Amino acid sequence: MLELTIEQISMGQTAVDKSAALQLLADKLVADGLVAEGYLSGLQAREAQGSTFLGQGIAIPHGTPETRELVFTTGVRLLQFPEGVDWGDGQMVYLAIGIAAKSDEHLRLLQLLTRALGETDLGEALRRASSAEALLKLLQGAPQELALDAQMIGLGVSADDFEELVWRGARLLRQADCVSNGFAAVLQQVDALPLGDGLWWLHSEQTVKRPGLAFVTPDKPMRYLGQPLSGLFCLASLGEAHQALLERLCALLIAGRGHELGSATSRRAVLEVLGGELPADWPSARIPLANAHGLHARPAKVLAQLAKSFEGEIRVRIVDGQDSAVSAKSLSKLLSLGARRGQVLEFVAEPNIANDALPALLAAVEAGLGEEVEPLPALAEAVPGVAEIATVLTAPAAGSLVQAIAASPGIAIGPAHIQVLQTFDYPLRGESSVVERERLQKALSEVRKDIEGLITRSQSKAIREIFITHQEMLDDPELTDEVDSRLKQGESAEAAWMSVIEAAARQQESLQDALLAERAADLRDIGRRVLAQLCGVETPAEPDQPYVLVMDEVGPSDVARLDPARVAGILTARGGATAHSAIVARALGIPALVGAGEAVLLLAPGTELLIDGQRGRLHVSPDADALQRATQERDSREQRLLAASAQRHELAVTQDGHAVEVFANIGESKGVATAVEQGAEGIGLLRTELIFMAHSQVPDEATQEAEYRRVLDGLAGRPLVVRTLDVGGDKPLPYWPIEKEENPFLGVRGIRLTLQRPQIMESQLRALLRSADNRPLRIMFPMVGSVAEWRAARDMTERLRLEIPVADLQLGIMIEVPSAALLAPVLAREVDFFSVGTNDLTQYTLAIDRGHPTLSAQADGLHPAVLQLIDITVRAAHAHGKWVGVCGELAADPLAVPVLVGLGVDELSVSARSIPEVKARVRELSMDRLKTLAAEALSVGSPDEVRALVEAL
Ligand code: PEP
Ligand code: MG
């Protein structure tokens, strides 16, 4: 990313003209290794297309797309020309910022610069700057405007006390990106200042990113420190930005008009009084931006010039962006938007020019603003999660058999209930605010009725609670206020409703709070229900009998919400067997097939489906024979499971006397009771990150100790294998910000992360050691890829163990990274055990993302390459008298159990529900035969061949 630093600045340069200045810049960029020789031609060609003069004495020369290949590293170099260089048309440049960029990274730089560009006389100051530090300060330190718009005013917000009101104010500032997380806590420490008339004032500079003011009023009369409280100002203070507002406010209070704020019922009224940014009540129009590199200098210039040709104000913003609208006539302001391809621009124009200006602006943006543009993909492609169904696809015919990925065993028969996200087409502008409001009210009340029905019908308390939350959301006054003000601006009910819902959902997601982030999905859910009503699109009713749910892709929380009594089976177009949703389906015992292809989404609702979760097969409208065979098989499977269940507390011993331990995987202390009840001989994997995720902040040592104790208590002397915190990458903890990574699966996750935060790791280890009370405790570290990582984790544990002795402790590692498996002969000398995490080991060995929507079907743990790594691990461990477990999903696959046991794996750790079946499977086998099977499996080249060997057993 481009940032400005003093090292990039060369002061006191001279150039007789623009071409000499470009030559100087090119030399500098080449000398510093940013570009190859020849980049000068790119700089010149770009200037020939249009001057890069930005205003305020600054130019930003950069290359053309053709010279991008000459860029080695993205970067900038700044040359100060105190005597100035004529950049054409008499425009004097005192600072040339040469950009070497491979793509559109320079937009970020332009955003940075725009603050400075808004300042008057900056050119003169840049010319006179005597040091690189001073120059940088000028570029970065220009005062920012105070953010104050309708989004930052909350009237009649629900709050029970002063603290809650402060929290609401701070939240508005956070949502406007004025402050970082934690500003609410900062404000709680500050003494509030009574302004009179029931108004209070709080401010702080801590954690402020840009100056902003929020104003909130409570929904009921309130008092604070013995005085009335009718409104609270929360200022994120930075420099002098709030000065003008403060003066205005003082004048208002002196004039005795303070009460107008506390009793205001419209945000517009508050903004009028305070002088904030008024939402323009002007016609608007929207259009997506298609320019490949976004709204960079050249197209922005074309846009600004066109806007300037109209006599009246035109403003533009990014729909769903955080920034408020800017003048479309200002090049620097346009650049400050940082608009990218695919983002939707919304123009508003003064009513007297709107009829001419808006169509002209839309046409210009559509034509590419002087650039050739590739049309944007259709909405269905652009919106993630919306299934794009190609017209050539047809639904699988009656009687056909579709091979999919077996994700959760069992046979399910039932009518198809298709849940595909529909695309809705609706006008952006409405008839009149009265008509649109009425339509919306009607849709809301229909949806309310539907939800009431769902609440009454639902058997499960958890599901009822979800729908009750949905009802509350529908009635949320903040949402309806916001929608109302959009309706007044002429938007259609659909457009107003959806933009408010989407903005609210995004705000929730940005709050770094797991629970609030989950609400985003609920908001979108409810948003779509209302939209469907408004557009008159019928959502298919749930069949009365248990059905097969057909979806594009299903998230773990979708599965967790399902009522197993109503959903007989799950069929998805995309997804893989080790995706977390498949894990949840298995835990709930719902047969599931994933990755069946998009054609299944075209099945007619109600089509009879038969899914075989064992073999991964889908039968569409099966004939009577197929149904009968499947029913028989289902019944006999049920019989088998019943028999297995009757023996679930007995050991799993092969026919020739080889015992295999069968343990359980759990993610919360509550799970231990079911595990033991299902016959677990111990817990083979406690996923402690799930315990951390269930809290809204890092659970302290005592809380963790209590949780681990509960598991050990429940195990009554059976061993517990705990995995230390495995977060990072794709599993971030909401309250633990981790830098965004290009490739999170290959980034800072598992042990890499916890070793970087030793205090959290130490506190977890202490809690674990304390909870042990000499009961059998095994601790393992996730994602270990090197001997050094293992030793660092072991040394930390051993050091703590001196403080907190534990008699029966073993330390081991998970084998999830191929390097760890290959190093097993070295590691086996030092560890007490290995536990193979086949989910990750498979994804890293085969280089296939375990959740990849289309490839994960091939991420098959029975791939001989994965089996080779397990073989190396087991051999190494046994050579040193250590044991090996498998705790990935493969351990529960009835076809994999014979291979794993044949390879010599000592323990299989599976979800509680699978224990009886896995034990029964082991009892059917003979170790002698399995050893041969394993050797054969290691000698073939594909997972299919391995499966064939097992089937032939
Ligand atoms: C694994 O990778 O196999 C494993 C058990 O860990 P998780 O699925 O939690 O990543
Ligand atoms: Mg893993």
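What you are looking at is a predicted structure, and each value in this text was computed from that prediction instead of being measured. Whatever order the structure lists them in is the order used to number ligands and atoms, beginning at 1.
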Measure the [atom1]-[atom2] distance between [X] and [Y] for me, rounded to the nearest 0.5 Å.
X	Y	atom1	atom2	value
M780	D726	CE	CG	9.5 Å
I815	L841	CD1	CG	8.0 Å
L900	D871	CG	CG	11.5 Å

- Message: For R875, is the CZ atom crowded, meaning more than 12 foreign heavy atoms sit under 6.0 Å from it?
- Response: no
- Query: Is L685 touching ligand 1 with its side chain, its backbone, both, or neither, if touching means heavy atoms under 4.0 Å apart?
  - Reply: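 Side chain only; the backbone of L685 stays clear of ligand 1.
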- Message: Using a 4.0 Å heavy-atom cut-off, which part of R687 comes near ligand 1: side chain, backbone, both, or neither?
- Response: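 For R687, the contact with ligand 1 is made by the side chain alone.
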- T838 and E889: side chain donor to acceptor below 3.5 Å: no
- Query: Do T724 and Q764 meet the criterion of a side-chain donor-acceptor pair at a distance under 3.5 Å?
  - Reply: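 Absent: no donor and acceptor within the cut-off.
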- Message: Using 30° and 60° as the class boundaries, would you call the ring planes of F745 and Y844 parallel, tilted or perpendicular?
- Response: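 Rings of F745 and Y844: perpendicular, over 60°.
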- Message: Taking N, O or S atoms only and a limit of 2.8 Å, check whether D726 reaches the Mg ion (ligand 2).
- Response: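 Under 2.8 Å: D726 has no N, O or S contact with the Mg ion (ligand 2).
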- Give a yes/no on ligand 1: does Q843 have at least one heavy atom closer than 4.0 angstrom to it? no
- When you measure from the Mg ion (ligand 2) to each N, O or S atom of D840, which atom gives the shortest distance? OD2
- Item | E816: its N/O/S atom lying closest to the Mg ion (ligand 2) (atom name) |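 E816's closest N, O or S atom to the Mg ion (ligand 2) is named OE2.
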- Query: Should one rank R723, R749, E689 by closest heavy-atom distance to atom 4 (C) of ligand 1, which comes out on top?
  - Reply: R723
If you count the atoms of ligand 1 from 1 in the order shown, which ones are under 4.0 Å from a heavy atom of [X]?
X	answer
D840	1 (C), 2 (O), 3 (O), 10 (O)
R850	2 (O), 7 (P), 8 (O), 10 (O)
G888	3 (O)
C887	5 (C)

- Item | Polar contact flag for N839 and ligand 1 (N/O pairs, less than 3.5 Å) |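 N839 vs ligand 1: N/O contact under 3.5 Å present.
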- Query: Could R723 and E689 be called an ion pair, given the rule that one side-chain N must be under 4.0 Å from one carboxylate O?
  - Reply: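 Looking at E689 together with R723, the answer is yes, because their closest N to O distance falls below 4.0 Å.
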